[in-house]
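Residue numbering restarts at 1 for every chain, and letters A, B, ... go by the order of the sequence lines.
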Amino acid sequence: MSTTVIPTPAKAPARPLLPRLLPYLLSLPALIVCIGILVPFFTAAWYSLQRYNLAMPLNREFVWFGQYLDMLTDPDFWATVRVSAVYAVATVGLELLLGLGIALLLRERTRFNNIVSVALLLPLMTAPAIASLMWKLMTNPNFGVLSWLVALFGVHDFRWASAPSSAMFTVVLVDIWVYTPFMMVLLLAGLRSLPQQPFEAARLDGVAGHFVFFRITLPMLAPYIVTATLFRMLDSMQQFDIVYAMTQGGPGDSLMLFQVRAYLDFFQYTNVGTSAALMIVLWALTYALSNVFIKQWLKLRERTHGAA
Amino acid sequence: MHEKAQDLATAFLAGRIGRRDLARRLAGLGLALGSAETLLNAAATGALAADFDWKKHQGTQLKVLLNKHPYADALIADLANFKTLTGMEVTYDIFPEDVYFDKVTAALSSHATQYDVFMTGAYQTWQYGPAGWLVDFNEYLKDPAKTAATYNWDDILPNLRASTAWSGKPGAELGGPGAHQWAVPWGFELNNLSYNQTIFDKLKLSPPRNMEELMAVAAKITKDAGGPYGIGVRGSRSWATIHPGFLSAYSNYGQRDFTMADGRLRAAMNTPESKAFHKLWVQMIQESGPKNWATYTWYQVGTDLGAGASGMIYDADILGYFMNGGDNRERGHLAYAPFAANPAAKGPTSNVWIWSLAMSNFSKQKDAGWTFIQWASGTDHLFYGARKSDVVNPVRNSVWQDAEFKERIAKSYPGYLNQYEKTAPDAKIYFTPQPLFFNLTTEWAASLQRMVAREVSVDEGLDKLADSVNRQLHQAGIG
């Protein structure tokens, strides 16, 4: 009888501790940041299920989704949704058009264009709250330079942010002044990075300028446009500083955006429950918007890469 | 020589020699009166120390949260005396008013032990008190081991003491039975008229005495003064729009914010009398107010008066006081008058803003904190603030009676003492204390904005406001 000796595999030498731990150590900061974000998020979600006003501690109670249901029947909440949507669409739409226009004008890499593109970034360096105070002075009906300018065109006594009819227009104007350079710089970077062959081919073929713009430039620039729009849309939905510094959400409730309402609810009215519920709704809206934009961006990138 | 000077300062504080005598004898010692101030303060500190163990918490380090305000500046300037008296160290953080109360709310709601003492308004205690964030000073005030005999709590104006005390029961009377003394008054503001004497002289106007005259004078200024508008009042979307001139005038017509029945609050802003008053107020702003009234806080109201852009303001008297000095264009041209909106009223009914000192319930050194509050709201510091700094208006009756303080005010602020004397007896908080104060009063201001902008009529606006307020009171279980 023969016996087969199966050799036992040689025991692998033990790896030093540090290389084994390295992946965990490297991912630790990300984990800590994640926890840092998720703890306040879940705390807010927890508070949003309670009627909880700090000034009335005895009335604190768990109401599940009661606050969310109350919101659905609250006209003030729907006014906030409407005002926030109008603000976001108006600012992002106009900033996109202006930013794209300026980027197209500065597309060529000349010394003048480089200087102008840097100079145009200055409003972006201004804190939005400071920009609001500057605009508050410029739009003062008594001595503001803009009031004086519109008076030259026969518009006297224009009330800017202090009249419900013109308040939205005024804060949108400030937002455009501050954030158009952001759009411009992203789109300019996109324009300057586009491959030149399609444009050279079009030039050789004598293709009309508008055809080049709509059929070559715009489709190739689309991923950049979507990225810039996504950033600005999310930011506009969460607008606070410009509006609060200029009008505190007034006159009346004409500029009562999500963040302004949530801020007032918490810091002035100590109503933790409603403030948290508003923030969760805002999170859900921005999350949904981000998903739509990111899916669109992936599609466009695929198409652009395919076309290239 | 120093000992002799100290003896003189002690004799002056004890009332054995007069101010003129003190000056003469100090001059004999080669000291100017100005340089003797430190000596006087030090002597006063010594006098304070005689009857109470101020050194009990020696070595303790207190942290104080302050709002940027002339009262806070006076406190900071006098801190060295507190240190000498008690041996305690005081550090402080100071923030502008725009963000100050956010900071307080954040610190208290997080139960942070960082701050021991902080500045607050009386209205804020209606939130902080029931939340359990404030120390009730009643136990300290009643304890002779913790409160110096010289503190003289009764010297603080009675309406102010009552206005900073509340039981926490919605609608219960301020200072009534079971009231917690959640704050100690420190400085306050009456709401009256401050006006530009130059404009009034030019247009041959007298200070208006009631609402009808106020509207007529304001309209006349807007029409004939050649630039300035008639009347500056606040208009931003904030509770602070309601509390100064507006509520003072509203109360003068006998109107209330809420009624109380069977322990339940109900909005009272839409009574026929209230609607009539609102109509007058709205009309006044439309005709003679600032063009961008809806963005006006106390700051714009004040600076317009100081810059000569408005003829008068119906706001805090101290706002008019500060606009009469500094770098303001109209410094030295402003005057002051008491104001009772209702011609049938027996006198003004000014709603008051009270800068107060409160103590965090999460402080680890409450007894030391109380020692600081005692000193800061005590006679000695308030005399210093009133005479040497800008602590107008002091909360102590003895300071108002001080000849030096009165002389200083009467000299440069015509009518200021008169408006105080006429208004003080019925000056108090006219709001009904309740925990939803800030949201409901801000909503009131937002309604006023809609009425002034003609988005809604006064009648409709007030009915809607009352409905909304009643709904919120009901939801909160107090209406």
Side-chain angles (χ1 to χ4, degrees), chain A residues 51-61 63 66-67 70 74-76 129 132-133 136-137 139-144 147 156-167 170 243-256 260-261 263-272 274, chain B residues 98-99 101-106 108-109 126-133 168 170 227-229 235-239 241 290-297 300 304 307 309-310 434-440 442-443 445-456 461 468 471 475-478:
Chain A
R51 269 199 217 294
Y52 181 21
N53 188 324
L54 294 171
M56 304 171 78
L58 298 178
N59 288 10
R60 186 174 177 177
E61 59 176 333
V63 291
Q67 300 206 113
D70 286 349
D74 181 3
D76 290 344
S132 303
L133 296 178
K136 213 170 167 179
L137 289 174
T139 55
N140 186 302
N142 296 316
F143 56 79
S147 299
H156 296 282
D157 239 11
F158 191 61
R159 302 284 168 115
W160 299 98
S162 50
S165 54
S166 52
T170 309
V243 170
Y244 192 75
M246 287 206 78
T247 71
Q248 295 170 297
D253 282 347
S254 59
L255 293 175
M256 196 50 70
V260 177
R261 186 177 287 282
Y263 165 83
L264 289 173
D265 265 348
F266 183 82
F267 279 100
Q268 288 202 4
Y269 313 154
T270 56
N271 202 336
V272 181
T274 54
Chain B
D98 288 352
V99 295
F101 285 108
D102 293 353
K103 179 75 185 168
V104 176
T105 306
L108 293 176
S109 64
W126 301 348
Q127 282 184 327
Y128 306 158
W133 300 340
Y229 61 87
S236 71
R237 193 188 184 284
S238 162
W239 58 271
T241 285
K291 288 176 184 169
N292 47 341
W293 167 81
T295 59
Y296 264 46
T297 64
Q300 285 81 18
D304 273 8
S310 66
Q434 44 85 19
L436 303 183
F437 170 79
F438 289 100
N439 24 344
L440 301 185
T442 301
E443 198 170 329
S447 278
L448 207 54
Q449 288 185 327
R450 287 190 206 100
M451 295 171 208
V452 172
R454 296 185 173 87
E455 269 201 324
V456 65
S468 170
R471 195 181 62 244
Q475 275 175 357
I478 55 176

One option among G477(B), S447(B), S236(B) has the most heavy-atom pairs under 4.5 Å with chain A, and it is S236(B)
CZ of R60(A): more than 12 outside heavy atoms within 6.0 angstrom?
yes
What's the spacing between W133(B) CH2 and T270(A) OG1 if we round to 0.5 Å?
6.0 Å
Heavy-atom closest pair, residues A106(B) and F267(A):
CB-CE2, 4.3 Å
Just how far is it from atom CD of Q449(B) to atom OG of S254(A), taken to the nearest 0.5 Å?
7.5 Å
Between atom CG of D265(A) and atom CG of N439(B), what is the distance when rounded to the nearest 0.5 Å?
7.5 Å
Applying a strict 4.5 Å limit to non-hydrogen atoms, the region of L264(A) in contact with chain B is side chain
Segment of F143(A) engaging chain B (4.5 angstrom heavy-atom cut-off)
neither
Heavy-atom side-chain proximity of K136(A) to Q300(B) below 4.5 angstrom
yes
At a heavy-atom separation under 4.5 Å, does L440(B) approach chain A through its side chain, its backbone, both, or neither?
neither
Test your reading of the model: is there a side-chain donor-acceptor pair from R159(A) to the backbone of K291(B), 3.5 Å cut-off?
yes
Best-contacting candidate, G129(B), A446(B), G132(B), S238(B), against chain A by heavy atom pairs under 4.5 angstrom
A446(B)
State, without any angle test, whether N142(A) and Y229(B) hold a side-chain donor-acceptor pair at a distance under 3.5 Å.
no
Do Y263(A) and D102(B) touch side chain to side chain, with heavy atoms closer than 4.5 Å?
yes
Measure N140(A) against the heavy atoms of chain B and call it side chain, backbone, both or neither at under 4.5 Å.
both
What I'd like to find out is whether the side chain of R51(A) reaches to under 4.5 Å of the side chain of Q475(B), using heavy atoms alone.
no
With the side chain counted from C-beta on, respond yes when L108(B) and L54(A) share a heavy-atom pair under 4.5 Å apart, and no when they do not.
no
Side-chain contact test, heavy atoms from C-beta onward, threshold under 4.5 Å: evaluate it for F266(A) versus S109(B) and give yes or no.
yes
What is the distance from atom CD of Q248(A) to atom OG1 of T442(B), rounded to the nearest 0.5 Å?
8.5 Å
Please look at A309(B) and chain A and tell me whether the side chain, the backbone, both or neither of the residue comes under 4.5 angstrom of a heavy atom of that chain.
neither
Proximal component of Y296(B), with respect to chain A [non-hydrogen, under 4.5 Å]
side chain
Using non-hydrogen atoms only, which part of D253(A) is less than 4.5 Å away from chain B: side chain, backbone, both, or neither?
both
So do W239(B) and Q268(A) actually touch side chain to side chain, heavy atoms under 4.5 Å?
yes
Non-hydrogen side-chain atoms of R237(B) and L255(A) separated by less than 4.5 Å
no
Select one option (side chain, backbone, both, neither) describing which atoms of Q127(B) are under 4.5 Å from chain A's heavy atoms.
both
Donor-acceptor pair, side chain of R450(B) and main chain of P251(A), under 3.5 angstrom:
no
State the OH-CG distance between Y269(A) and L436(B), to the nearest 0.5 angstrom.
11.0 Å
Specify the closest pair of heavy atoms between P130(B) and A55(A), including all atoms of both residues, with the distance to one decimal.
CB-O, 3.3 Å
